[in-house]
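What follows is one structure encoded as structure tokens, with my remarks underneath.
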Amino acid sequence: MPNETVWSLEPHTGAKHSILRRYLQAYYPKLSSTRGHIYFVDGFAGPGVYLGDEPGSPVIALDALAKHNYLSKMENCRFSFLFIEENKARFEVLRGIINERNDPPNVEVAVRLGTFDEHIGEAFDELFARIDAGFTPNRPSFVMVDPFGPKGLPLDLLRQLAQFPKTELLITFMYEPISRWLQDDGFEPHLDALFGTSEWRSAIGLPSTEKKRFLSELYAKQLRSIGMEHVRLFEMRDAGNRTEYFLAFATHNLEGLRVIKEAMWKVDAAGGVSFSDFTDAGSAQATMFEDEPNYAELRTLIFGRFNGQKDVPIEHIDDYVLIETAFRETHARTVFRGAEKSKEIDVQRPVGKNKSYWNVGTRITLPQGD
């Protein structure tokens with residue numbers, strides 16, 4: 001955790017903010033199309049600004065709405081923002097920034113001094129009140145939880161949020177400190193609470209690559225276990241190309257998964273799975289990245305999954321690509337166009353549709369492989 005009240009913005013944090021901004025720009029209009037109420041919670045909000053005057057996550061969340069091209073079309077929706085910060089000095093800076101803003105009249109902002117688990121009850125109170133009154137708890141809620149370490153983020157707290165069908169979570173899974181303190185007896189209770197299980201102990205003694213894969217996949221599995229059907233991880237690495245943390249996005253909704261993957265691919269055009277501050281291309285440790293998706297890999301995945309199947313609705317393939325791979329459905333279109341041109345697949349489209357049509361009603365027959 002930084003000692004300063006305000007600190008410098010690191011490139012991977014900028015990448016995280018880019019993902020957040022792009023997601024919210026799609027999230028707000030999609031969920032405000034009818035009269036309603038959207039809740040945004042930032043559980044570890046920070047001071048709201050960096051040393052170079054770059055905006056922090058609370059300001060990004062507010063600006064994504066206040067500066068949205070479709071703001072006028074969202075005026076019938078109410079937006080509530082709850083920003084929670086434990087550090088008193090950072091809280092004061094953030095509160096000052098919020099007080100100076102002139103946000104739209106349908107926006108209300110609360111800034112609270114304290115911990116995430118102390119103040120998340122404000123969101124619970126409103127959601128549970130609807131249940132007590134006999135209403136379906138269908139208010140969209142986006143909860144961002146960005147701690148500096150493994151403390152203060154028990155899985156049981158996320159489990160309560162997960163029971164609401166329109167809740168989405170964006171969690172910073174702090175891999176580096178978790179890995180560093182894995183064998184520290186004093187942190188066992190925090191890690192048990194974070195994972196909601198003692199299975200993390202199986203990572204002790206594993207080689208670094210295996211340990212990282214085991215712990216990140218375990219956390220994703222635990223998020224699914226609390227009822228978040230779709231989980232997507234995005235790895236953030238520092239200037240030494242070492243893993244700092246994973247962004248873990250969890251949702252009940254396929255559209256939410258689709259939008260977050262689009263945002264992640266904007267940051268990582270080669271794979272949609274990671275970002276690194278490591279920029280010294282002349283170093284012996286430099287990793288060379290392609291600047292486009294690995295279409296050959298996606299082709300292998302699709303042809304393997306639907307091997308020899310006839311008249312497969314394109315929606316089934318789209319769902320497979322969206323849910324079970326790192327790729328986007330748009331990438332599958334590139335694979336299909338090449339495969340149709342080389343006559344590897346047979347494509348049946350609705351009457352009147354030309355070869356540029358790859359939407360509902362299109363059916364694909366794939367070859368039988370070995």
Side-chain angles (χ1 to χ4, degrees), residues 2 4-10 13-33 35-116 118-127 139-148 167-172 247 259 263:
E4 305 89 346
T5 300
V6 178
W7 58 94
S8 297
L9 177 69
E10 295 181 294
T13 304
K16 175 177 64 179
H17 289 168
S18 177
I19 291 172
L20 174 65
R21 182 182 295 107
R22 289 179 181 277
Y23 185 81
L24 292 178
Q25 286 170 343
Y27 176 84
Y28 291 146
K30 282 180 183 293
L31 294 177
S32 63
S33 56
R35 293 175 184 267
H37 192 170
I38 292 176
Y39 217 104
F40 180 97
V41 179
D42 191 338
F44 295 77
V49 68
Y50 290 87
L51 280 179
D53 286 330
E54 301 95 343
S57 54
V59 176
I60 289 169
L62 288 169
D63 281 351
L65 175 63
K67 298 180 180 180
H68 203 289
N69 290 337
Y70 297 134
L71 177 62
S72 63
K73 298 180 181 179
M74 296 186 277
E75 59 186 10
N76 290 323
C77 183
R78 182 178 161 207
F79 294 84
S80 294
F81 293 82
L82 173 62
F83 301 131
I84 304 168
E85 174 51 44
E86 183 177 8
N87 181 280
K88 181 68 161 57
R90 295 171 189 164
F91 165 81
E92 294 294 351
V93 173
L94 176 59
R95 184 166 64 172
I97 291 172
I98 298 303
N99 288 341
E100 291 178 0
R101 291 181 61 90
N102 183 25
D103 285 304
N106 58 330
V107 172
E108 57 186 22
V109 183
V111 185
R112 299 288 183 258
L113 175 63
T115 63
F116 175 59
E118 287 173 344
H119 290 290
I120 189 60
E122 288 188 39
F124 285 144
D125 287 346
E126 290 203 34
L127 292 168
R139 174 176 303 170
S141 302
F142 186 96
V143 181
M144 181 176 179
V145 194
D146 192 12
F148 284 107
T167 291
E168 296 187 334
L169 306 174
L170 185 63
I171 302 163
T172 300
L247 280 183
V259 174

Exercise for the section: Answer with yes or no whether the side chains of Tyr23 and Glu168 bring together a donor and an acceptor at under 3.5 Å. Expected result: yes
Fill in the blank from the handout: Rounding to 0.5 Å, atoms CD (Gln25) and OH (Tyr70) come to a distance of 11.5 Å
Exercise for the section: Report yes if some heavy atom in the side chain of Arg90 is under 4.5 Å from a heavy atom in the side chain of Trp7; otherwise report no. Expected result: yes
Practice task
Taking Glu85 for its side chain and Asn87 for its backbone only, find out whether a donor-acceptor pair lies under 3.5 Å.
Solution key: yes
Problem - Partner set under salt bridge (charged side-chain N to carboxylate O under 4.0 Å, His left out) for Glu118, not counting sequence neighbours - result: none
Exercise for the section: Please tell me if the side chains of Ser32 and Phe79 come closer than 4.5 Å, counting only heavy atoms from C-beta onward. Expected result: yes
Practice task
Any side chain to side chain donor-acceptor pair (under 3.5 Å) involving residues 48-66? Give me the pairs, sequence neighbours left out, ordered by first then second residue.
Solution key: Asp42-Ser57, Asp63-Arg101
Exercise for the section: Please tell me if the side chains of Leu62 and Phe83 come closer than 4.5 Å, counting only heavy atoms from C-beta onward. Expected result: yes
Exercise for the section: Evaluate the side-chain proximity of Thr172 to Lys16: yes if any heavy-atom separation is below 4.5 Å, no if none is. Expected result: yes
Problem - Short side-chain to backbone donor-acceptor contact, Glu108 and Ser80, under 3.5 Å - result: no
Practice task
Indicate yes or no: at least one non-hydrogen side-chain atom of Lys88 is less than 4.5 angstrom from one of Leu113.
Solution key: yes
Problem - Side chain proximity check, Leu24 to Phe40, heavy atoms < 4.5 angstrom - result: yes
Problem - Thr13 side chain vs Leu9 backbone, donor-acceptor pair below 3.5 Å - result: no
Practice task
Quick one: pull up CG in Asp103 and CG in Leu65 and give me the separation to the nearest 0.5 Å.
Solution key: 7.5 Å
Problem - Contact check, side chains of Ile38 and Cys77, non-hydrogen atoms, under 4.5 Å - result: yes
Problem - side-chain contact (heavy atoms from CB on, under 4.5 Å) partners for Glu75, two or more places apart - result: none
Problem - Student check: side-chain heavy atoms of Tyr27 and Val259 closer than 4.5 Å - result: no
